[in-house]
Amino acid sequence: MKLPVYLDYAATTPVDPRVAEAIMGCLTLDGNFANPASRSHLFGWQAEEAVEDARNKVAELINADPRGIVWTSGATESDNLAIKGLIEHYGPSKGRHIITSAYEHKAVLDTCEYLEQHGCRVTYLKPDSRGLISSAMVSDALASDTVLVSLMHVNNEVGTINNISEIGSLCKEKEVFFHVDAAQSAGKIELDVEAMNIDLLSISAHKFYGPKGIGVLYARRSPRVMVDAQIHGGGHERGMRSGTLPTHQIVGIGLAAELAKAEMKSESARIKELMQKFWSGVCNIPGIHLNGDHQQRVPGIINLGFEGLDGETLLMALKDLAISTGSACTSASLEPSFVLKAMGVSSALAHSSLRISMGRFTTEDEVEFAVKTIKETVSRLQSGLQKNNGSMS
Ligand SMILES: *Cc1c(COP(=O)(O)O)cnc(C)c1O
C-alpha cells in the first residue's frame with residue numbers, strides 16, 4: 001500500500017484514467033486540439049462536435065436541456081455567475097433579498113457578502129444540529145422582495161444531504177429563483193433539475209474524477225432564467241461566459257459525467273460498504289462523535305470529533321492518512337470549522353474534528369489501515385493526555 005493513503009476525496013478526486021486518456025486525445029496536432037469556435041475548417045468542426053457531445057453527457061447526468069449548460073472554470077465561478085449574474089440581470093425590479101445558509105461553500109458566502117455591500121439583503125439560515133436546512137426554514141425567511149434562494153445539495157465538510165426537492169417546490173410556488181451548489185452531489189447521488197425544480201445549478205469536474213479547472217453552470221431554459229455575464233469577451237456560451245472553450249477539459253468532464261451516471265449505483269453501494277466498515281471500526285473509540293445526520297448523508301464523507309483532542313495535533317500524528325480538518329479552502333486558518341460552528345457543535349469539539357472522505361479508488365485494505373491507524377493514534381494521544389493531567393495534579 002502506498003503511503004500516505006488518500007482519504008480526501010471531498011477536496012478533490014484524482015482524474016479517472018479513462019478520462020485522462022480522453023483528455024490526452026485532445027491536446028496534440030494528431031488529436032482533437034482545435035478551437036471549437038473555428039468555423040472555417042475540419043479541425044474546428046471536430047472540436048465543436050466533441051464539445052457538444054460532452055454538453056449532452058453533462059446534461060443527461062442532471063436531466064437538463066443541453067442548451068442550459070454553460071461551461072465555466074469550476075463551481076466557484078458557477079456560483080459567482082449564478083448569484084451575481086442573476087441579481088445583475090433582474091436588478092431591483094424583482095427584489096433584492098437573498099436567502100442562503102451559514103454553512104455554504106465560501107464561493108457562495110463571499111459572493112453574497114459582496115452583494116450585501118452592493119445593496120442586497122442576505123439571510124444566512126443556520127443549519128440544524130444534524131447539519132440540515134429544511135424547507136420550513138426557507139419558508140420562514142421568505143420576504144416580499146426575496147429574489148433568490150441559494151443552497152447546497154450536499155455539504156462538503158459533513159456530507160449531509162439537503163431535501164432539495166422540497167425546497168425547489170417551495171421556491172417554484174413562491175416564484176423565487178432557486179440556485180443549488182451541487183459540487184459534492186453531482187455524479188454521486190441522483191440529481192434532476194426538472195424533478196427538483198432547480199433554476200441554476202453549479203457543478204465541478206474535479207469532484208467527480210474529471211480534471212480541475214472545468215465546471216458547469218446550468219441555467220434553466222424553460223421558463224428561461226437569465227444571468228448577466230461576469231466575464232466579457234467573444235460572446236461564447238450564448239453570451240453568458242466568454243473565453244475559448246478548453247476542448248480537452250470539456251471532453252474530460254463529459255466522459256466523467258457519463259461514467260459517473262453509468263456507475264453511480266454500483267459505486268455508491270461499494271463506497272457505502274467501505275464507509276460502514278470504517279465506521280464500525282472506529283465507533284467504539286472513547287469520546288468519538290459523528291458530526292451531522294447519521295442517515296441523510298452521502299456515503300463518501302464522514303466528519304468525526306474526538307473529545308479532548310486537538311484536530312491539528314491529531315492530523316499531524318496521522319501523517320500516514322491524507323485527510324483534513326475541514327474544507328481545503330479554509331484549512332490554512334486555525335479557526336475551528338465555521339460549518340461545524342453553524343451546526344451548533346461546541347468550539348472544543350469542532351477543534352477536535354476531522355473529515356475523512358473516500359471514493360472510486362479507495363480499497364478495503366486502505367480502510368482497514370485507516371481504522372487501525374486512527375485507533376492507535378487516538379489511544380496514544382489520549383493516554384498522553386491522561387499522563388499529563390496526572391502529573392499536574
Ligand atoms: C469544491 C466545491 C466548490 C468549488 O469548486 P471549484 O471547482 O473547486 O471552484 C464549491 N462548492 C462546493 C460545495 C464544493 O465542494
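When a ligand or atom number is given, it counts from 1 through the structure's own listing order. Everything quoted here is computed from the prediction, not taken from an experiment. The first residue in the sequence is number 1, and the count goes up from there.
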A.B. asks: On a heavy-atom basis, which atom in Val193 and which in Arg220 lie closest, and how many Å separate them?
C.D. replies: O-NH2, 3.0 Å
A.B. asks: In terms of heavy-atom contacts, does CD of Glu49 have more than 12 from other residues, nucleotides or ligands at under 6.0 Å?
C.D. replies: no
A.B. asks: Look at the rings of Phe361 and Tyr209 and say which category their plane angle falls in: under 30° parallel, 30 to 60° tilted, over 60° perpendicular.
C.D. replies: perpendicular
A.B. asks: Which N/O atoms of ligand 1 sit under 3.5 Å from a protein N/O, and at what distances?
C.D. replies:
from: ligand 1; atom 1: 7 (O); to: Ala75; atom 2: N; distance (Å): 2.9
from: ligand 1; atom 1: 7 (O); to: Ser204; atom 2: OG; distance (Å): 2.6
from: ligand 1; atom 1: 8 (O); to: His206; atom 2: NE2; distance (Å): 2.8
from: ligand 1; atom 1: 9 (O); to: Thr76; atom 2: N; distance (Å): 3.0
from: ligand 1; atom 1: 9 (O); to: Thr76; atom 2: OG1; distance (Å): 2.6
from: ligand 1; atom 1: 11 (N); to: Asp181; atom 2: OD1; distance (Å): 3.3
from: ligand 1; atom 1: 11 (N); to: Asp181; atom 2: OD2; distance (Å): 2.7
from: ligand 1; atom 1: 15 (O); to: Gln184; atom 2: NE2; distance (Å): 2.8
from: ligand 1; atom 1: 15 (O); to: Lys207; atom 2: NZ; distance (Å): 2.8

A.B. asks: What pairs with His236 under side-chain hydrogen bond (donor to acceptor under 3.5 Å, both in side chains), at least two apart in sequence or on another chain?
C.D. replies: none
A.B. asks: Could you list the residues that satisfy salt bridge (Lys or Arg N to Asp or Glu O under 4.0 Å) with Lys212, not counting sequence neighbours?
C.D. replies: none
A.B. asks: Which residues pass the salt bridge (Lys or Arg N to Asp or Glu O under 4.0 Å) test with Asp128, not counting sequence neighbours?
C.D. replies: Arg130
